[in-house]
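Structure first, commentary second.
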Amino acid sequence: MAEAPSLFASVYALVAQIPPGFVASYGQLARMLGAPRAARQVGWAMRCCPDELPWQRVIREDGTIAGGEYAPLRRAMLEAEGVPFTQDGRVAIDRCRWQPGEAGLV
DNA sequence: TACGTGACTTTGG
DNA sequence: CCCAAAGCCACGT
């Protein structure tokens, strides 16, 4: 135990804790993991796309959604969860950004 | 061990 | 608004 969990694994655990209706950015997750520069690795982990991992809640700092051709699909999932969107078609991350102490702290 | 790759972020034009 | 380049770190081969 107490092994050094690869950033890869840490991301999964963190994303899995994001409550519905909230979203987080790659850089923010990386920052929580203690690697403010590992935003790319976070996205890389998402690339695995595990079905157990609601990576749709993980978007860019700008509020835009990544995932290539799946991006528009994830956007619909976020809308179904109650995530607010802007007229620009981007996530209103300013209103639904997951923060420590939010519903996830339950 | 080294190189290549990438679903990011930031700054500048 | 759009585009481009640089910096960054970890994983796979």
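The analysis underlying the following values was restricted to heavy atoms, covering all of them including side chains, and did not include hydrogens, waters or symmetry mates.
- Every pair tested for ring pair (Phe, Tyr, Trp, His ring centres under 6.0 Å) that includes a residue from residues 50-92 of chain A fails, sequence neighbours excluded, so the list is empty.
- Summarising the geometry of A:Ala30 relative to A:Ala39, their closest heavy-atom pair is CB-N, 3.6 Å, with the distance given to 0.1 Å.
- Of all heavy-atom pairs between A:Leu53 and A:Met46, the closest is CD2-CE, 3.2 Å.
- Closest of all the heavy-atom pairs between A:Phe8 and A:Ala45 is CE1-CA, 3.5 Å.
- At a threshold of 4.0 angstrom between heavy atoms, the contacts of A:Arg90 are confined to the sugar-phosphate backbone, with no base atom among them.
- Contact annotation: A:Ser6 side-chain N/O to C:dA10 OP1/OP2 distance is not under 4.0 Å.
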Which nucleotides of nucleotides 7-13 of chain B have their base under 4.0 Å from a protein heavy atom (B), which only their sugar-phosphate (S), and which neither (-), written as one string 5' to 3'?
BBS----

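- A:Arg57 places a side-chain N or O within 3.5 Å of a backbone atom of A:Ile18 that can act as its donor or acceptor partner.
- The distance between atom CG of A:Leu29 and atom P of C:dA10, rounded to the nearest whole Å, is 16 Å.
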